[in-house]
Amino acid sequence: MKIGYPCINWMLKATPKKFRLASYSEQRLCESVEWNLYMLEKILSWNLERGFLFFRISSDIVPFASHKVNTFNWQEHFKKKFKEIGDFVRAHGIRISMHPNQFVLINALDEKILERSIAEIEYHCDVLDLMGLDESAKVQIHVGGVYGDKEKAIERFVERYGKLSSRARKRLVIENDDKLFSVSDCLKVSEKTGAPIVFDYFHHLCLNSGESVLDAMQACASTWTKSDGILMVDYSSQKEGFKRGTHIDSIDAEDFKRFLSLAEGIECDVMLEIKDKEKSAEKSLSLIRAFQ
DNA sequence: AGTTGTCAAGCTAGT
DNA sequence: ACTAGCTTGACAACT
């Protein structure tokens with residue numbers, strides 16, 4: 001079981017450098033990407049020293065990567081650096097994921113939204129391909145919107161999925177969300193597309209069809225083939241006193257131990273989606289050691 | 001130097 | 001009709 005956290009390391013003050021569309025320039029873009037790649041290297045070695053072998057790379061690593069304003073061939077320009085980081089990742093058996101944001105909706109009704117979504121997915125694939133990572137490095141998205149008819153929304157997802165590039169289909173995985181598409185909905189999508197399912201533990205507690213965590217998790221695990229690697233799990237828990245679905249600021253030891261016993265025996269890599277990032281990740285490692 | 005409004009993109013539920 | 005929330009800060013313009 002590899003443990004990781006998403007995108008940011010607070011201790012290293014490693015947050016991706018961004019800028020506004022209005023300030024776009026090639027120089028600004030290059031400066032940002034250069035910094036972001038430098039920080040990514042820092043994070044990955046920091047992680048390795050402490051035993052974190054799972055990491056989610058921020059979608060902001062290349063600002064405006066899929067925006068039409070960006071005509072710069074950043075892929076070519078940063079090829080060497082991406083490859084170098086990818087070599088490090090492979091040499092140490094680090095697992096990588098990426099998670100495009102909520103604007104990526106491949107079941108959108110609007111063609112323009114679909115077009116932008118595909119461009120964004122292609123960008124994420126570019127990053128992982130440039131790093132030279134195999135198919136176990138994934139790009140995770142949610143099924144998307146319901147648009148008043150869940151069955152039709154699923155059908156649209158399946159149809160659109162079939163038209164994606166083959167490299168996108170190799171990387172794309174779907175994740176159950178907390179409001180619209182549960183694990184059982186995702187299973188329907190997975191059956192028809194072959195896309196593996198990332199099991200989101202917290203989302204499953206928010207939205208399910210009555211299945212146990214174990215059953216849901218096993219069902220998700222069975223959607224991953226050998227080349228996909230083992231099941232990816234997103235872990236978080238409820239921030240008490242806030243509305244359902246709000247992520248906790250710091251890991252809840254009891255809840256995490258409960259998760260560990262529920263997940264016992266299922267091979268998986270766990271991403272801790274918790275606000276204080278590496279701090280909770282470090283706590284989780286000591287909880288895991290105590291658990292074993 | 002410190003504060004604050006706003007940021008590429010969309011959906012849904014809640015006010 | 002409008003906003004918070006989502007993977008959520010931090011850029012950039014203003015005191």
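All chains are named by letter (A, B, ...) in the order of the sequence lines, taking the proteins before the strands, and each is independently numbered beginning at 1. Predicted model, so just to flag it, every value in this text is computed and none were measured.
Taking the C1' atoms as reference points, C:dA1 lies 24 Å from B:dA8, given to the whole Å. The gap from the P atom of C:dT3 to that of B:dT6 amounts to 11 Å, rounded to the nearest Å. B:dC7 and C:dC6 have their C1' atoms separated by 16 Å, with the value rounded to a whole Å. Separation of the C1' atoms belonging to B:dA1 and C:dT8 is 25 Å when rounded to the nearest angstrom. B:dA9 and C:dA12 have their P atoms separated by 16 Å, with the value rounded to a whole Å.
Distances shown here put every side-chain N or O of A:Ser66 at or beyond 4.0 Å from the OP1 or OP2 atom of B:dA9. Residue A:Arg20 places no side-chain N or O under 4.0 Å from the OP1 or OP2 atom of B:dA9. At least one side-chain nitrogen or oxygen of A:Arg116 sits closer than 4.0 Å to the OP1 or OP2 atom of B:dG10.
Each of C:dC6, C:dA10, C:dA12 was ranked by its minimum atom distance to the side chain of A:Trp10; first place goes to C:dA10.
What separates CD of A:Glu111 from P of B:dA9 is a distance of 20 Å, to the nearest Å. Rounded to an integer number of Å, the gap from CD of A:Glu120 to C1' of B:dA8 is 9 Å. Regarding A:Asn36, its CG atom lies at a distance of 16 Å from the P atom of C:dG9, rounded to whole Å.
Other residues, nucleotides and ligands place no more than 12 heavy atoms under 6.0 Å from the CD atom of A:Glu267.
Ring centroid separation for the pair A:His247 and A:Phe202 comes in under the 6.0 Å cut-off. For A:Trp74 and A:Tyr123, the ring centers sit closer than 6.0 Å to each other.
Looking at A:Arg56, A:Lys2, A:Arg95 one by one, the single match for salt bridge (charged side-chain N to carboxylate O under 4.0 Å, His left out) with A:Asp269 turns out to be A:Arg95.
With a 3.5 Å limit on both pairing distances and Watson-Crick or G-U wobble geometry required, the stems of 3 or more pairs in DNA chain B span B:1-7 with C:9-15, B:10-15 with C:1-6.
The aromatic rings of A:Tyr5 and A:Phe55 sit perpendicular, their planes meeting at an angle over 60°, well past the 30° parallel limit.
In this structure, a donor-acceptor pair under 3.5 Å is present between the side chains of A:Ser165 and A:Glu122.
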Pairs under 3.5 angstrom, nitrogen or oxygen only, protein versus nucleotides 12-15 of chain B, please.
residue : atom : partner  : partner atom : Å
B:dT12  : OP1  : A:Val146 : N            : 2.8
B:dT12  : OP1  : A:Tyr147 : N            : 2.8

